[in-house]
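Below you'll find the structure, written out as structure tokens, and then a few comments.
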Amino acid sequence: MAGTNFDPASLPTTYPHPVRIAVIGGTGISHLTHSGFTPAAILHVTTPWGAPSSPIMILHTPHNAHPIAFLARHGLHHQLTPSEVPSIANIAALRSIGVRTVIAFSAVGSLREEIRPRDFVVPSQIFDRTKGIRKGTFFGDGIVGHVGFADPFDRGLTRIVERVGERVLGERGGRLHVGGTLVCMEGPQFSTRAESHFYRTAISDSVVINMSALPESKLAREAELAYVMICMSTDYDCWKEDEEAVTVETVMGNMHANSETARVLVAAVLEELVKEEHIDLVEARHLQGQSGWACCSDLPARKGEAWKRLQWLLPESFKEPVEN
């Protein structure tokens, strides 16, 4: 893994215990071997939907050696465009090793003057501007399900990130914004100025824009995982006429300049989540069984490969159908 100082080949390829918490790293956070996190294993998981975008690194937290899973959304070498990310395999692979809570990280463009480059944002809503070319559901192929997605980001996780973020960023002179709508676009090109102005005016509480929140967050909900996204603003997209339009150079420059703060924030959130008092939230007990109840296909349809895949993903929710 880029930026690490150990040989991944020296790590075990199995891990004996369930891992409840995962970090999906995006642009700017490609690994978690910082702040005392110790690599413990590297897992090469296969799923009915193929392989995830990277091997899953298992790390132990600095103080209590709690296991944390890390997956690189765009691949070990950032070789996958947002449209190419196998989100369905990523979420399935994490679920299969025991994960129930996902902390996702993403670089974003700011759609508001008050959200400056290098500020952090935890949005509360998503507006979908992808083009339907990304595999976005575990259902289909003969099995129909409609999972609720009114609040795409877990409120309990958001409260913890807010509390920890205000403390950590306050100590480092950073700023955290909570709430508002994240616009998720297809990419990989950045917005036109017309599009950027449209998102600001047509979506009244839009705050940031990225290319990664969907279908990742929808699939996490279908997989009964608690999910929150921590965003770092790197630019003003292209709506701000007195600023240069966003470029990769701008994004990466701000990410690198603020990478240590981002890592400290993510590490502090993880250290809080592993506390015993958060076990119900971390195990996503409030989401257990919801996908099973969301399935509305009749018993005769509950068979075949599509049903077997759901049983692989959620064996507790998709049991063998029993005729009355």
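In the hydrophobic clustering of ILVMFWY residues, with side-chain heavy atoms under 4.5 Å counting as a link, Val248 and Phe105 come out together. Criterion: ILVMFWY side-chain heavy atoms under 4.5 Å apart, direct or through other members. Under it, Val164 and Phe37 are part of a common hydrophobic cluster. In the hydrophobic clustering of this structure, Phe190 groups with Ile203; members are Ile, Leu, Val, Met, Phe, Trp, Tyr whose side-chain heavy atoms approach within less than 4.5 Å, directly or through other members. Residues Leu43 and Leu225 fall within the same hydrophobic cluster, defined by Ile, Leu, Val, Met, Phe, Trp and Tyr side chains chained together at heavy-atom separations under 4.5 Å. Note: the hydrophobic cluster containing Ile279 does not contain Ile68 (ILVMFWY, side chain heavy atoms under 4.5 Å, direct or indirect links).
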Inset, instruction - Mind running side-chain contact (heavy atoms from CB on, under 4.5 Å) on Ile56 and Phe70 for me, showing each step along the way? - result: CA-CA 6 Å; Ile56 299 174; Phe70 182 87; over 6 Å; no
Inset, instruction - Would you sort out whether Trp49 and Trp312 count as a side-chain contact (heavy atoms from CB on, under 4.5 Å), showing the intermediate values? - result: CA-CA 11 Å; Trp49 296 273; Trp312 184 93; 3.9 Å; yes
Inset, instruction - I would like to know whether Ser87 and Lys218 meet side-chain contact (heavy atoms from CB on, under 4.5 Å); could you show each step before the answer? - result: CA-CA 10 Å; Ser87 293; Lys218 288 185 175 181; over 6 Å; no
Inset, instruction - Step by step, work out the side-chain contact (heavy atoms from CB on, under 4.5 Å) result for Gln79 and Glu84. - result: CA-CA 9 Å; Gln79 72 271 25; Glu84 294 172 331; over 6 Å; no
Inset, instruction - Would you check, one step at a time, whether the test salt bridge (charged side-chain N to carboxylate O under 4.0 Å, His left out) holds for Glu195 with Arg129? - result: CA-CA 11 Å; Glu195 290 167 336; Arg129 288 287 294 167; 5.0 Å; no
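Among residues at least two apart or in separate chains, side chain to side chain donor-acceptor pair (under 3.5 Å) pairs with a member in residues 201-210 are Ser106-Asn210, Arg112-Ser206, Thr181-Asp205. Screening residues 148-188 for ring pair (Phe, Tyr, Trp, His ring centres under 6.0 Å) gives no qualifying pairs among residues at least two apart or on separate chains.
Every residue two or more places apart in sequence or in another chain was checked for a side-chain contact (heavy atoms from CB on, under 4.5 Å) with Thr46, and none qualifies. With sequence neighbours excluded, no residue satisfies ring-ring contact (aromatic ring centres under 6.0 Å, His included) with Tyr199. Looking at residues two or more places apart in sequence or on another chain, you find a side-chain contact (heavy atoms from CB on, under 4.5 Å) between Thr250 and Asp235, Thr247, Asn254. A search for side chain to side chain donor-acceptor pair (under 3.5 Å) contacts involving Glu222 returns Thr137, not counting sequence neighbours. Under the side chain to side chain donor-acceptor pair (under 3.5 Å) criterion, Lys275 pairs with Glu272, sequence neighbours left out. The side chain to side chain donor-acceptor pair (under 3.5 Å) search around Thr13 returns none, not counting sequence neighbours. Under the rule for a side chain to side chain donor-acceptor pair (under 3.5 Å), the partners of Asp242 that lie at least two apart in sequence or sit in another chain are Lys240. Residues passing the ring-ring contact (aromatic ring centres under 6.0 Å, His included) test with Tyr236, sequence neighbours excluded: Trp239. Partners of His66 according to the ring-ring contact (aromatic ring centres under 6.0 Å, His included) rule, which considers only residues two or more places apart in sequence or in another chain, do not exist here.
In this structure the side chain of Pro12 never reaches within 4.5 angstrom of the side chain of Ile58, judged on heavy atoms. Using a 4.5 Å cut-off on side-chain heavy atoms (C-beta onward), Ser83 and Glu186 make contact. Proximity of Met57 to Leu11: side-chain heavy atoms (C-beta onward) are separated by under 4.5 Å at one or more points. Looking only at side-chain heavy atoms (C-beta outward), Tyr227 and Glu216 come within less than 4.5 Å of each other. Put simply, the side chain of Val85 reaches to within 4.5 Å of the side chain of His74, judged on heavy atoms. Looking only at side-chain heavy atoms (C-beta outward), Arg193 and Glu241 come within less than 4.5 Å of each other. Between Val246 and Thr234 the shortest side-chain heavy-atom distance does not fall below 4.5 Å.
Across Glu271 and Pro62, no two heavy atoms sit closer than the pair OE2-CD, 2.8 Å. Nearest heavy atoms, Cys231 versus Leu182: SG-CD1, 3.8 Å. The minimum heavy-atom distance linking Val122 with Val228 is given by the pair CG1-CG2, 3.8 Å. Annotation for Ala294 and Val147: closest pair CB-CG2, 3.6 Å, computed over non-hydrogen atoms. When all heavy atoms of Gly179 and Val207 are compared, the closest pair comes out as O-CG2, 3.8 Å. Across all non-hydrogen atoms, the minimal contact from Pro55 to His44 is CG-CE1, 3.6 Å.
Note that CZ of Phe138 and CG of Leu313 are 5.0 Å apart. Values are rounded to the nearest 0.5 Å. To the nearest 0.5 Å, atom CE of residue Met229 and atom OG of residue Ser212 are 6.0 Å apart. Separating the CG atom in Asp154 from the CG atom in Leu281 is a distance of 5.5 Å, to the nearest 0.5 Å. Note that CZ of Phe139 and CG of Leu310 are 5.5 Å apart. Values are rounded to the nearest 0.5 Å. Atom-to-atom distance recorded for Leu176:CG and Arg163:CZ is 12.5 Å, nearest 0.5 angstrom. Note: Thr101 OG1 to Leu94 CG = 11.5 Å, rounded to the nearest 0.5 Å.
Counting non-hydrogen atoms of neighbouring residues, nucleotides and ligands closer than 6.0 angstrom, the CZ atom of Arg285 exceeds 12 such neighbours. Within a 6.0 Å radius of CD in Glu249, other residues, nucleotides and ligands contribute 12 heavy atoms or fewer.
Using a 4.0 Å cut-off between a side-chain N of Lys or Arg and a carboxylate O of Asp or Glu, Arg95 and Glu316 qualify as a salt bridge. Glu162 has no carboxylate O lying under 4.0 Å from a charged side-chain N of Arg159, or vice versa, which leaves the two without a salt bridge. Between Arg309 and Asp141 there is a salt bridge, since a side-chain N of the basic residue sits under 4.0 Å from a carboxylate O of the acidic one.
Looking only at distances, a side-chain donor or acceptor of Glu224 sits under 3.5 Å from a matching main-chain atom of Gln290. In this structure, Ser196 contributes its side chain and Thr192 its backbone to no donor-acceptor pair below 3.5 Å. Distance alone, capped at 3.5 Å, is enough to place a donor-acceptor pair between the Ser53 side chain and the Arg73 backbone.
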Considering only distance and modelled atom types, tabulate donor-acceptor pairs under 3.5 Å from the side chains of residues 14-23, sequence neighbours left out.
unit_1 : atom_1 : unit_2 : atom_2 : d
Tyr15  : OH     : His60  : NE2    : 2.8
Arg20  : NH1    : Gly98  : O      : 2.8

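If you check the side chains of Ser233 and Asp119, you find no donor sitting under 3.5 Å from an acceptor.
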